[in-house]
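Values in this document were obtained by computation on a predicted structure and should not be read as measured data. Read the numbers this way: they start at 1 and go in the same order the structure lists the ligands and their atoms.
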Amino acid sequence: MKSGDIKPRVLTILGATGTIGVNTLDVVARHPDRFEVFALTGATQVERMLEQCRTHRPRFAVMSEPAAAAALRARVAAEGLAVEVLEGTAALTEVATAPEVDTLMAAIVGAAGLPATLAAAQAGKRILLANKETLVVSGQLFMDAIAASGAELLPIDSEHNAIFQALPRDFSGDFQQAGVKALWLTASGGPFRTLSAEAIAAATPAQAVAHPNWVMGKKISVDSASLMNKGLEVIEARWLFNARPEQIKVVVHPQSIVHSMVEYADGSVIAQMGTPDMRTPIAYALGFPERIEAGVSALELMGRQLTFEAPDTARFPCLQLAFDALAAGGNAAAVLNAANEVAVARFLDGAVPFPAIAASIAHTLDALAGGAADTLDDLLEADRQARSVADAYLGALRP
Ligand code: NAD
Ligand code: MG
């Protein structure tokens with residue numbers, strides 16, 4: 001197709017100032033004829049958002065923090081940029097669901113991304129989903145909203161993007177019919193893969209965020225160190241692909257070259273491989289069903305060793321907690337997610353040691369799992385209660 005024939009996709013990027021947001025804009029900038037940026041959102045990073053406004057000229061820039069919005073508004077006015085600055089969380093939903101927008105990159109971190117992403121699902125947008133916490137908290141509700149509106153859901157998480165690529169294009173969620181036996185999620189094992197339990201117990205936030213293969217936001221980096229990231233991804237896979245828990249397997253693959261695999265009834269295992277660079281899954285989803293240039297360096301396989309090992313749930317109990325929450329159903333995954341968010345923030349602040357993350361999640365699940373989870377209000381209430389229970393538990397740990 002000539003470039004002149006392409007109708008540009010109109011994009012809102014939630015979480016534009018984060019790692020996924022920046023990578024998304026990098027791919028977008030390589031294809032000025034394909035994409036138009038309608039809105040960018042951030043929370044507090046005024047300088048980075050200003051820079052993004054200069055480069056990408058969105059119609060709207062949203063800062064969820066009103067003070068940051070005021071600062072940005074002044075800077076935008078001083079430079080004479082034609083960007084309207086909005087503030088607050090309601091504005092996130094406005095720019096995610098605006099009628100002009102056809103594609104949403106959902107890349108806010110945590111359950112904070114849920115309301116706007118769910119609203120976009122209800123509005124029938126094409127959703128590029130990086131914000132895995134949305135699916136963990138509201139899986140059934142979110143997938144029902146996608147089905148009801150006819151929205152299109154494309155996974156950005158590298159593992160799920162890999163599985164999406166390795167499944168038949170017309171996969172409907174019926175494993176039997178598609179001859180799919182299992183989904184294999186690869187895990188790097190994170191920065192603590194080879195550490196003893198004692199060394200993990202003494203780990204600092206700086207060690208936890210130093211991921212061997214990927215550059216990511218702090219929260220997901222800590223999740224990778226605890227293997228909670230893989231646990232959240234197991235729950236994410238359950239909803240994205242309609243998998244039963246026993247059809248989802250986790251294998252540790254420290255090189256992060258095989259991004260995940262699909263095992264078929266005939267013994268075939270189809271893997272997607274590549275250089276660990278989030279621009280690959282982002283470009284795949286942005287261009288879908290076409291393949292577009294992503295700026296990613298070619299995979300160099302000569303002389304590389306690819307290894308695989310079983311995850312160790314004794315040193316990394318968070319992975320098992322996620323499987324347990326999935327088995328429990330109801331509000332358990334929302335509780336797990338909220339308790340984890342609170343514990344990770346406390347750990348990053350230096351207030352609690354690393355093992356307190358798993359301990360506080362287990363405690364919070366014991367206290368709250370089993371509650372109602374039928375409506376968004378139920379889930380937001382589970383999230384709120386879990387934050388308060390985890391907070392109290394962690395507060396009592398302090399010296
Ligand atoms: P990040 O911390 O780098 O960026 C987070 C973004 O969310 C920022 O733009 C920030 O301004 C915004 N944000 C944070 N709190 C907010 C709030 N309360 N309200 C509104 N906006 C808020 O995180 P990231 O690494 O880009 O990850 C984003 C999401 O993508 C996460 O859900 C993560 O699990 C997922 N993900 C990331 C990667 C990766 O390689 N970074 C890979 C797979 C999935
Ligand atoms: Mg991932």
Side-chain angles (χ1 to χ4, degrees), residues 12-26 39-49 51-52 61-66 68-69 72 86-93 95-96 105-117 127-137 154-164 185-190 209 211-224 226-237 240 250 253 256 258-260 272 276-282 285 337-338 340-341 344-345 348 383 387:
T12 283
I13 303 177
L14 300 178
T17 55
T19 313
I20 293 291
V22 166
N23 277 302
T24 302
L25 286 170
D26 180 278
L40 300 175
T41 87
T44 56
Q45 297 181 78
V46 174
E47 285 307 319
R48 180 168 285 177
M49 179 57 84
E51 184 57 45
Q52 294 182 340
V62 180
M63 299 304 279
S64 57
E65 293 295 325
L72 180 67
L86 307 176
E87 66 191 55
T89 51
L92 298 173
T93 298
V95 296
M105 168 56 81
I108 289 175
V109 60
L114 168 58
T117 308
I127 298 174
L128 283 39
L129 187 71
N131 179 219
K132 65 190 84 185
E133 294 90 346
T134 281
L135 267 185
V136 171
V137 174
L154 296 166
I156 293 299
D157 217 344
S158 57
E159 296 77 2
H160 306 74
N161 189 275
I163 288 168
F164 185 78
L185 294 174
T186 53
S188 70
V209 298
H211 196 278
N213 305 336
W214 300 94
V215 179
M216 308 182 287
K218 281 187 178 159
K219 191 263 178 181
I220 182 175
S221 296
V222 176
D223 287 348
S224 298
S226 69
L227 288 202
M228 180 52 93
N229 184 49
K230 212 50 51 182
L232 299 177
E233 291 181 357
V234 166
I235 301 172
E236 184 184 12
L240 278 174
V250 174
H253 165 50
S256 299
V258 174
H259 297 311
S260 280
Q272 186 261 356
D277 186 324
M278 287 307 293
R279 289 177 299 177
T280 296
I282 290 168
N337 178 70
N340 182 56
E341 286 191 30
V344 169
L348 282 170
D383 176 277
R387 282 170 203 271

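Residues V109 and I220 form no side-chain contact, since every pair of their non-hydrogen atoms from C-beta on lies 4.5 Å or further apart.
Judged by distance alone, with hydrogens and angles left aside, the side-chain atoms of N23 form no donor-acceptor pair with the main-chain N or O of I282 at under 3.5 Å. Between the side chain of T19 and the backbone N or O of G217 there is at least one donor-acceptor pair closer than 3.5 Å.
Inspection of the environment of the Mg ion (ligand 2) yields the following protein N, O or S atoms under 2.8 Å: D157 OD1, E159 OE1, E233 OE2.
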query: Run the side-chain hydrogen bond (donor to acceptor under 3.5 Å, both in side chains) check on D383 and N337 step by step: do they pass?
result: CA-CA 8 Å; D383 176 277; N337 178 70; 4.6 Å; no

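Counted by atom type alone, T280 and D277 present zero donor-acceptor pairs between their side chains at under 3.5 Å.
K230 has no carboxylate O lying under 4.0 Å from a charged side-chain N of E236, or vice versa, which leaves the two without a salt bridge.
The side chain to side chain contact (heavy atoms under 4.5 Å, CB included) check on V22 picks up R48, Q52, with sequence neighbours excluded. Remark: H259 pairs with W214 by the ring-ring contact (aromatic ring centres under 6.0 Å, His included) rule, at least two apart or across chains.
To the nearest 0.5 Å, atoms CG (N229) and OG (S224) are separated by 4.0 Å.
Ligand 1 lies under 4.0 Å from heavy atoms of G15, A16, T17, G18, T19, I20, G42, A43, S64, L92, A107, I108, V109, A112, A130, N131, K132, E133, D157, M216, G217, I220, M278.
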